[in-house]
Amino acid sequence: MILWAGVRTGARGVLWYLKGLLGEDAYEKYLAHHAALHAAGADVDGADEGAPHPLMTEREFWRDQTDRQDQNPQGRCC
Amino acid sequence: MGVTSSTTKEPTALKRVPRDLAVALNPEELDAHDRQWTPLKIIIWSAISLLGGLSWVMLAVVRGETVNAIWFVFAAICTYLIGYRFYSKFIEKHIVRPDDRRATPAEYKADGKDFAATDRRVLFGHHFAAIAGAGPLVGPVLAAQMGYLPGTIWIIVGVVLAGAVQDYLILHFSMRRGGRSLGQMARDELGVIGGTAALIATLVIMVIIVAILALVVTNALAESPWGVFSVGMTIPIALFMGCYLRFFRPGKITEISIIGFVLLIAAIVGGGMVAGTDWGQTYLLLDKVTIAWGIIIYGFIAAILPVWLLLAPRDYLSTFMKIGTIGMLAVAIVIIRPEINVPAVSSFATTGTGPVVAGTLFPFLFVTIACGALSGFHALIASGTTPKLIQKERQTRFIGYGGMLMESLVAIMALVAALSIDRGIYFAMNASPALTGGTVQGAVAFVNGLGLTGVNLTPSMLTDMATNVGEESIVSRTGGAPTLAVGLSHIMQQLVGGTSMMSFWYHFAIMFEALFILTAVDAGTRVARFMLQDSLGNFFPKFKNTSWRPGAWAATAIMVAAWGAVLLMGVTDPLGGINTLFPLFGIANQLLAAIALAVCMAIVAKRGLFKYLWVVALPLGFAAVVTISASFLKIFSATPGIGYFAQNRAFSEALAAGETSFGTAPSVLAMQAVVRNTMVQGVLSIVFVVLAIIVILTAIQATVRAYRNHSSATSEDDAVQSQIYAPAGFVMTPPEKVLQAEWDALPVEKKTRVKGH
């Protein structure tokens, strides 16, 4: 049983790493950021935040992400 | 924030403990931990030093018939560990001086998109995947002609003292400046002249690097229906993946990457079947010129298509393949431990007459192996995405310095793979068609005529190897990629599949290299296009608008034409292509390194850290001496094999004398091509070296000025109080564990960042 739990933890770790490496967790990070901003905006004045950003849906977020890459290309190494 | 030139804002203004929990470890406590030498630590580091020392003795002193590949791996890893633990710590303490109380751009500029704090271990993999490309795989293969020792020493010692230092410093300096790019930092630190020279140099270097990477792929795919099919199939696979992510299941990257990987393997297997058919032979057996045109057209279309359609999915595949293949090769080398039957230093190191790349050990070894020891291109990555994702300042050592050590290890493995194949086969594959005639008989006669001891090539060795790897011929498959693929398949088949699997492993390796070279070609063209548009925008404001289609297309076309012309020059070069152009690639890359190090030197000097300036001045001086002397040899040498203009003169005079063939050029047309190519290459060499000298001089000027003024100015962004905590290295130290446990115990809602200034 302990071995099985170890394997599961290990597999979860590998999957977590792979997702992070490929950037699959980008939307989760965006949501977390948005939530933190929102929570802070409620109790602090948030005056310097400018216009509030509406939360993007998952589909919108990924489109926005590749569109930003179009405008801001990054080199790959040789 | 913004550029400030006031005196250093000593972060004493930052609170030591901003909330109920510390965001940084106490520096004294950290230092005490480092200085505390427990018996266990002493034993571990003694063992590492002893093993490293023994490995170097086995490589450099003990000269048996053969040397085992495992010693390369041990020598490398032990030296890296020592360099990481002691030298990078020294740099951290005296130059970088990170302060975890300061927020990183990922924290104070956080937008959940471009600026987002990323787990250090994930970011390490991310950064490594971005810096590792074809360079560390190809360079060591070509340098193997000088024997195994010079390349090994340069890769291992060079990375510890130069390459990793550059990556670490640039990453840290860019991070302290909100993720500013190398070009912007050059302008800030070196002024208008130095900054402009650095910008132009970067653009020209980018063109050369893309052209030569494309040349490597062209050489690997020419006359290979199997390779053309499997690499060609990556385009529809990537398009499918792109559409899947865009329209069907957005964000499911791991899932589609696994599907793409399975399709990729199917494409490799399918390539073997297609290559055997008549139509495969008729339509996919293409010569170099056709392939080159294919890559040029592909490069243009790929660079104007939206990122989501081709570049992004190809990137996922490339990352997947890169990490997987490198890991697989490492495991295979450790298990198989191939015996290496190559002299430590060959005669080509001193005579400079090696058929693979011309020139003597100094300076040409140091430009042939660029990536893997010192790569200027990394400065563009380390001042690009990575600094915007770092959680805590102290992590830059692990990501910048550590990431480069990993790339160096890749270079060592590529060297081992190239060294493990028979030397006769190695030279037959890497001598240009001008020398071997492109035939098995010609190659055998040429290689055996080199008079190398222990080399006795037979025609059947070449034909057998060609059959095993599923190619028509392996004679004169220059560029390094095919040699590496033979080496990799030679090692992998001993682990999985035996001889019958060799052709699969060979094409797997070709696919692996082609994938990220094509990504680099696409991305490089895009970056160059933006740089060009930005510069053109100063004269024609409309070009500044990067979404203006005609402007974008015109700028893309100009950049593709620039690298395409160099590529075509390479594939049609009667002198061979790789052997004349590769030094230009290495010189370009090392000059970029000199530019990056020059910027670092100016920054360190302006902060008043003159006592430790040698840490930057040493690699800068070496890179400058190597590249400038290599450039001067390429420009002024009277030996036609080395000097571009000497070659140019020799062929011009032959033409003037009315000769119809000269050297390896069989016709007047070919002779005219040589005259044209050497002129272009010579002029490019002059442009590079002049730009680099300007940048280095302005950096020295900035350094001297800083010394005279007792400067302690900084161009860093203002310090912002950090609100988060994360450990610095891959493994947590005991003090880090204690603090991390306190943070882990916090309720979730308190862990998230509190907004405020």
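Please read these numbers as outputs of a predicted model, since none were measured by experiment. Lettering of chains follows the sequences in order, A, B, ..., and the numbering in each one begins at 1.
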N-O pairing of B:Lys113 and A:Asp64 below 4.0 Å: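 A salt bridge is present here (some side-chain N lies under 4.0 Å from a carboxylate O).
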Residue part contacting chain B, namely of A:Asp67, when any heavy atom lies under 4.5 Å: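 Contact with chain B: side chain only.
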Is a side-chain donor or acceptor of [X] paired with a backbone partner of [Y] at a separation under 3.5 angstrom?
{"X": "A:Glu24", "Y": "B:Lys252", "result": "no"}
{"X": "A:Arg59", "Y": "B:Phe247", "result": "yes"}
{"X": "A:Tyr30", "Y": "B:Ala116", "result": "no"}

What part of [X] is in contact with chain A, defined as an atom under 4.5 angstrom from a non-hydrogen atom: side chain, backbone, both or neither?
{"X": "B:Leu311", "result": "side chain"}
{"X": "B:Thr385", "result": "both"}
{"X": "B:Arg121", "result": "both"}
{"X": "B:Ile212", "result": "neither"}

Which residue in the set A:Arg68, A:Gln69, A:Gln65 passes side-chain contact (heavy atoms from CB on, under 4.5 Å) when paired with B:Asp114?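 Among A:Arg68, A:Gln69, A:Gln65, the one meeting side-chain contact (heavy atoms from CB on, under 4.5 Å) with B:Asp114 is A:Arg68.
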Shorter than 4.5 Å, heavy atoms on both sides: which option in B:Ala117, B:Ala552, B:Gly251 has the most such pairs with chain A?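 Looking at each option in turn, the highest pair count goes to B:Gly251.
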Between A:Asp70 and B:Arg526, is the salt bridge (charged side-chain N to carboxylate O under 4.0 Å, His left out) condition met? List the steps. CA-CA 9 Å; A:Asp70 266 323; B:Arg526 283 174 194 269; 3.5 Å; yes
Looking at side-chain heavy atoms only, is the closest gap between [X] and [Y] below 4.5 Å?
{"X": "B:Thr546", "Y": "A:Gln71", "value": "yes"}
{"X": "B:Asp315", "Y": "A:Arg76", "value": "yes"}
{"X": "B:Val122", "Y": "A:Tyr17", "value": "yes"}
{"X": "B:Phe530", "Y": "A:Asn72", "value": "no"}

Nearest-0.5 Å distance, OG of residue B:Ser257 to NZ of residue A:Lys19: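 It comes to 11.5 Å.
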Of the non-hydrogen atoms in B:His126 and A:Leu21, which two are nearest, and what is the gap between them?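 Of all heavy-atom pairs spanning B:His126 and A:Leu21, the closest is N-CD1, 3.3 Å.
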Any idea which of A:Thr66, A:Asp25, A:Leu22 has the most non-hydrogen atom pairs under 4.5 angstrom with chain B?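 Highest number of heavy-atom pairs under 4.5 Å: A:Leu22.
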